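Comments concern the structure below.
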Amino acid sequence: MAIIGLLGAGKIGSQLARLAVAHGYDVVVSNSRAPETLTALVADLGPKARAATAVDAAKAGDIVVVTIPLKNYPTVPVEPLAGKIVIDTNNYYPQRDGHIAELDNESTTTSELLQAYLPTSKIVKAFNHIYATQLTTDGRPTGTKNRRALVIAGDDPAAKATVVRLLDEFGFDAVDAGPLKEGWRIQRDTPGYGPQRTAEELREDLAAAKRYADR
Ligand SMILES: NC(=O)c1ccc[n+]([C@@H]2O[C@H](COP(=O)([O-])OP(=O)(O)OC[C@H]3O[C@@H](n4cnc5c(N)ncnc54)[C@H](OP(=O)(O)O)[C@@H]3O)[C@@H](O)[C@H]2O)c1
């Protein structure tokens with residue numbers, strides 16, 4: 001079974017770690033500080049979890065999740081993530097991240113920035129539009145009526161297929177928004193960002209999304 005590495009152990013990172021452990025995965029969690037700062041979280045997660053530095057979590061993970069304030073993406077270790085599937089949960093909040101011109105003018109997307117920074121990694125956008133607490137409450141078995149769906153986007157079909165399987169294991173349907181450049185359709189303030197939606201509803205939300213400049 002794949003080991004899941006987490007860069008970021010805050011609201012989303014810790015909940016994704018919980019979800020992964022609940023589904024039998026080993027996880028390696030990290031934050032911007034020393035692993036000892038994650039002792040309480042690791043104790044809570046149990047024997048399938050350990051803490052490491054961000055570099056070691058990136059090395060250990062077969063699949064690695066980057067779930068940090070977006071502005072910090074240039075500190076993510078590059079070499080240990082080469083060739084790996086990297087799940088990107090990040091969103092752009094100028095009040096937290098400062099202004100990033102290419103995102104303000106929508107000439108790129110958050111995940112394309114990370115992809116450019118990690119050129120040989122296979123970035124898949126996922127888990128960016130669900131509240132952290134709902135990750136462990138909203139999952140349902142495959143085939144459940146009105147099952148919640150989550151959007152993915154990515155440029156590598158095989159990596160996306162792996163993440164779709166992971167989402168299904170974790171209790172969610174997946175809706176493929178297309179390549180990373182289409183990730184804006186699920187960015188902050190779009191219709192699908194936040195609410196509990198089925199796959200059909202989420203497809204409608206993606207189609208109805210408007211660029212910031214067109215509102
Ligand atoms: N909260 C939500 O419900 C939610 C939902 C979907 C998506 N998101 C997005 O997901 C990302 C994470 O959100 P969050 O709410 O989980 O944030 P958070 O609670 O503030 O946690 C951020 C985590 O990232 C760590 N971190 C910061 N820089 C790092 C680095 N360079 N390397 C490794 N770890 C680093 C922090 O470690 P330290 O404690 O050491 O600083 C902390 O563990 C954000 O981009 C956010 O917009 C959030």
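Order of appearance sets the numbers: ligands from 1, and atoms from 1 within every ligand. All of these numbers come straight from a predicted model, not from anything done at the bench.
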- Decide salt bridge (charged side-chain N to carboxylate O under 4.0 Å, His left out) for R147 and D168; before the verdict, give the C-alpha distance in whole Å, the side-chain angles of both, and the deciding distance to 0.1 Å. CA-CA 10 Å; R147 193 188 200 202; D168 185 44; 2.7 Å; yes
Could an N or O of ligand 1 be found under 3.5 Å from any N or O of [X], whether backbone or side chain?
X: N91; value: yes
X: S30; value: no
X: T75; value: yes

Using heavy-atom distances, let me know which of [options] sits nearest [atom].
atom: atom 21 (O) of ligand 1; options: A9, A58, G10, G13; value: G10
atom: atom 34 (N) of ligand 1; options: N128, N31, L38, L16; value: N31
atom: atom 5 (C) of ligand 1; options: T53, I130, V66; value: I130
atom: atom 44 (C) of ligand 1; options: L135, T89, I68; value: I68

- Would one find more than 12 heavy atoms of other residues, nucleotides or ligands at under 6.0 Å from atom CD of E200?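 No, CD of E200 has 12 or fewer neighbouring heavy atoms, counting only those of other groups under 6.0 Å.
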- Query: Out of N72, I87, V76, I123, which residue meets the side chain to side chain contact (heavy atoms under 4.5 Å, CB included) rule with V66?
  - Reply: V76
Give the numbers and elements of all ligand 1 atoms closer than 4.0 Å to a heavy atom of [X].
X: T67; value: 10 (O), 11 (C), 12 (C), 23 (C), 24 (O)
X: N72; value: 27 (C), 28 (N)
X: F127; value: 6 (C), 7 (C)

What is the nearest protein non-hydrogen atom to [atom], stated with its residue, atom name and distance?
atom: atom 38 (P) of ligand 1; answer: S32 OG, 3.3 Å
atom: atom 16 (O) of ligand 1; answer: I12 N, 2.8 Å
atom: atom 22 (C) of ligand 1; answer: P69 CD, 3.7 Å
atom: atom 25 (C) of ligand 1; answer: G8 CA, 3.7 Å
atom: atom 3 (O) of ligand 1; answer: A132 N, 3.0 Å
atom: atom 39 (O) of ligand 1; answer: R33 NH2, 2.8 Å
atom: atom 19 (O) of ligand 1; answer: K11 N, 2.9 Å

Ignoring hydrogens and angles, state whether a donor on the side chain of [X] or [Y] is under 3.5 Å from an acceptor on the partner side chain.
X: D205; Y: Y193; answer: no
X: Q15; Y: T136; answer: yes
X: D189; Y: Y212; answer: no

- Task: Run the contact test for Q15 against ligand 1 with a 4.0 Å cut-off on heavy atoms, strictly below, and give the result.
- Result: no
- Message: Taking a cutoff of less than 4.0 Å between a non-hydrogen atom of the residue and any ligand atom, is T133 in contact with ligand 1?
- Response: no
- Quick one: look at R96 and ligand 1, take heavy-atom pairs under 4.0 Å, and tell me if it's side chain, backbone, both or neither. side chain
- If you look only at pairs with a residue in residues 112-151, which of them pass as a ring-ring contact (aromatic ring centres under 6.0 Å, His included), with sequence neighbours excluded? Y73-Y117
- Task: Check K125, R188, Q187 against T110 for a side chain to side chain donor-acceptor pair (under 3.5 Å) and give me the one that passes.
- Result: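 Considering K125, R188, Q187, a side chain to side chain donor-acceptor pair (under 3.5 Å) with T110 is found only for K125.
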- Validation row: E112, W184 side chains within 4.5 angstrom (heavy atoms):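 Result no, sub-4.5 Å side-chain heavy-atom pair not found.
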Kindly list each side-chain donor-acceptor pair under 3.5 angstrom involving residues 41-48, sequence neighbours excluded, with atom names and distances?
residue	atom	partner	partner atom	Å
D44	OD2	R18	NE	3.4
D44	OD2	R18	NH2	2.7
K48	NZ	D26	OD1	3.3

- Taking all heavy atoms of A58 and all of K84, pick out the closest pair and write down the distance.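 A58 and K84 have their closest heavy atoms at O-NZ, 2.7 Å.
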- Classify the angle between the aromatic ring planes of H23 and F170 as parallel (below 30°), tilted (30 to 60°) or perpendicular (above 60°). tilted
